[in-house]
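Only heavy atoms go into these numbers, but all of them, side chains included; no hydrogens, no water, no symmetry mates. Whatever order the structure lists them in is the order used to number ligands and atoms, beginning at 1. No experiment lies behind these values; they were computed from the predicted model shown.
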Amino acid sequence: MMVELSFVRSLAKRAGEIIKDGYMKPQHCDAKDSYADLVTDVDKRVEDFLRSEILSVYPSHKFIAEEGYSRPAKLGSEPTWIIDPIDGTSNFVSRFPFVCVSIAYFVNQEPTIAVVYNPVLNCLYHAVKDEGAFRNDDKIAVSSVRDISEALVLTDWGGDRNPESLDKKCSNMRRIIAKARGVRTMGSAALHICQVAGGSGDAFFEFGIHCWDYAAAMLIVKEAGGYCCNYDGSSVDLMGRNFVCTSTPELAKALLPLIEPIVYSRD
Ligand code: 2AM
Ligand code: CA
Ligand code: CA
Ligand code: CA
């Protein structure tokens, strides 16, 4: 049985209800790799909900999901769901309203259906391969910005507090802000990328992120006409721990030389 967009949207909406229920309640959180890398019961509850709903209809499908995946994550040609139950957990616990659930459905290693839903701001992005990208059912498109002096660049500090990584991130920020209109860091890679898809940001890059942070948003920004690559300009490697997208290839060409890579081990 084929997976329909309506099924994925309904999963995201119901996951969003769980997130919204937890949003105004104090959350107990556990630290993962660092004190800044958090997980709450709501992350786990949303992931369990999505897994059981999907498996009840598609028992043979595979999963790569943040809280319960088995390393190394491997994307094969089988139908596979790449899921982040909450992207922006540090925002979620601080009630900063930039949080979402991110669901991508892959077949033959190709993203086919993607939904990113922010239940706090009631904003749902979706894309189906070759059918365009939408925000709350309105078609969206990237900006036409080519020149870095006109670009709003989105990136993040992430959860890594290693001093060497922080030095590189600061130097990257320093080089970019000297040339760009602005830099914003809002705590959710998926929503940053969706901002670029909707034309309210012009470029996004980040090191240390995983495929569940950007798999869904990547299809959304591609379908909105955006350009996606790795930090060195090569094509996107989902296990490569970095991702860049821009409104135009010209903007990527201007941005990439300003970025010194921070290399993370693959999954
Ligand atoms: P997460 O909320 O699913 O962990 C952007 O920096 C990405 O890194 C986010 O998409 C976020 O995904 C993850 N991240 C982990 N810890 C973070 C932190 N303290 N601040 C911002 N992002 C963090
Ligand atoms: Ca996390
Ligand atoms: Ca994430
Ligand atoms: Ca997460």
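With ring centers used as reference points, Y105 lies under 6.0 Å from H61.
Placement of I220 and L191 within a single hydrophobic cluster is found when ILVMFWY residues are connected by side-chain heavy-atom separations under 4.5 Å, directly or transitively.
If you run salt bridge (charged side-chain N to carboxylate O under 4.0 Å, His left out) between E66 and each of R51, K44, K32, only K32 comes through.
For NZ of K20, the number of neighbouring non-hydrogen atoms (other residues, nucleotides, ligands) closer than 6.0 Å is 12 at most.
Contact check on K169 versus D156 returns no salt bridge, with no Lys/Arg side-chain nitrogen under 4.0 Å from an Asp/Glu carboxylate oxygen.
Side chains of T40 and D43: a donor-acceptor N/O pair is present below 3.5 angstrom, by distance only.
Protein atoms that are N, O or S and lie under 3.0 Å from the Ca ion (ligand 3) are these: D84 OD2, D87 OD1, D213 OD1.
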